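Just so you know, these numbers come straight off a predicted model, no measurement behind them.
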Amino acid sequence: MANVASAEKRNRQRLTRRTRNVTHLSKLRTAVKKVLTAVASKDKKAKELLAETIKVIDKAAKHGVIKRETASRKISRLTKFVNSSAAPAAK
């Protein structure tokens, strides 16, 4: 347990930031799962869900929950996945 006032304050700040970060991460993971399940079930809403998910990922990166590079990679891979599944099967 912290014995100094500044250490107690840092601990309170840590808990507040952690709560905020966990909330953003949870929203991000849920959005990604929705896109993946929509693509797996060949749902037509996959493109719409992708747009919403990109917003969530960008917001998480803006708040510093994930790094910009990580956000870019996730967006790129999700977009590639949705586009490849939406394309008609070439024979």
Side-chain angles (χ1 to χ4, degrees):
M1 189 65 194
N3 294 324
V4 182
S6 62
E8 291 174 359
K9 180 179 177 181
R10 296 296 295 169
N11 196 38
R12 286 194 310 269
Q13 289 174 334
R14 178 186 65 83
L15 294 174
T16 303
R17 285 193 196 102
R18 174 167 168 67
T19 304
R20 185 171 53 238
N21 290 344
V22 167
T23 302
H24 281 292
L25 274 177
S26 178
K27 288 180 184 177
L28 187 145
R29 289 182 185 136
T30 303
V32 169
K33 284 179 188 175
K34 284 182 182 178
V35 171
L36 295 178
T37 54
V39 170
S41 64
K42 300 190 188 312
D43 193 358
K44 303 290 183 192
K45 289 185 174 181
K47 294 254 185 197
E48 296 170 18
L49 289 173
L50 176 66
E52 294 172 15
T53 303
I54 289 173
K55 288 180 186 177
V56 172
I57 293 171
D58 282 338
K59 192 172 283 191
K62 184 179 88 172
H63 287 113
V65 178
I66 59 174
K67 293 183 178 179
R68 287 181 309 160
E69 292 81 9
T70 305
S72 178
R73 186 179 63 247
K74 284 183 180 292
I75 290 170
S76 176
R77 288 180 181 172
L78 272 176
T79 304
K80 194 174 183 182
F81 185 66
V82 170
N83 289 340
S84 67
S85 67
K91 291 186 179 182

(request) Indicate the atoms forming the closest heavy-atom contact of D58 with I75, along with that distance. (result) OD1-CD1, 3.4 Å

(request) Could you pull out the closest heavy-atom pair between K67 and A61, with the gap in Å? (result) O-CB, 4.4 Å

(message) What's the separation between atom CZ in R73 and atom CD in E69, rounded to the nearest 0.5 Å?
(response) 9.0 Å

(message) Is any side-chain heavy atom of L50 closer than 4.5 Å to one of F81?
(response) no

(request) Examine the side chains of N11 and R14 and answer whether a donor and an acceptor come within less than 3.5 Å of each other. (result) yes

(request) To the nearest 0.5 Å, tell me how far L49 CG sits from L78 CG. (result) 11.0 Å

(request) Drop me the distance from L28's CG to K59's NZ, to the nearest 0.5 angstrom. (result) 12.0 Å

(message) Are N83 and K47 packed together at the side-chain level, in the sense that at least one heavy-atom pair is separated by less than 4.5 angstrom?
(response) yes

(message) Contact between I57 and I66 at the side-chain level, heavy atoms closer than 4.5 Å - yes or no?
(response) yes

(message) Tell me whether S72 contacts the main-chain N or O of R68 through its side chain, where contact means a donor paired with an acceptor under 3.5 Å.
(response) no

(message) Using a 3.5 Å distance criterion without hydrogens, assess whether the side chain of S84 forms a donor-acceptor pair with backbone atoms of K80.
(response) yes

(request) Scan R20, H24, R17 and name whichever one has a side chain to side chain contact (heavy atoms under 4.5 Å, CB included) with V65. (result) H24

(request) Provide the closest heavy-atom pair for V39 versus A46 in the form atom of the first, atom of the second, distance. (result) CG2-CB, 3.9 Å

(request) Find the distance between NZ (K44) and NZ (K42) and round it off to the nearest 0.5 Å. (result) 10.0 Å

(message) I'd like to know if the side chain of S26 reaches the main chain of V22, judged simply by a donor and an acceptor atom lying under 3.5 Å from each other, with no hydrogens or angles considered.
(response) no

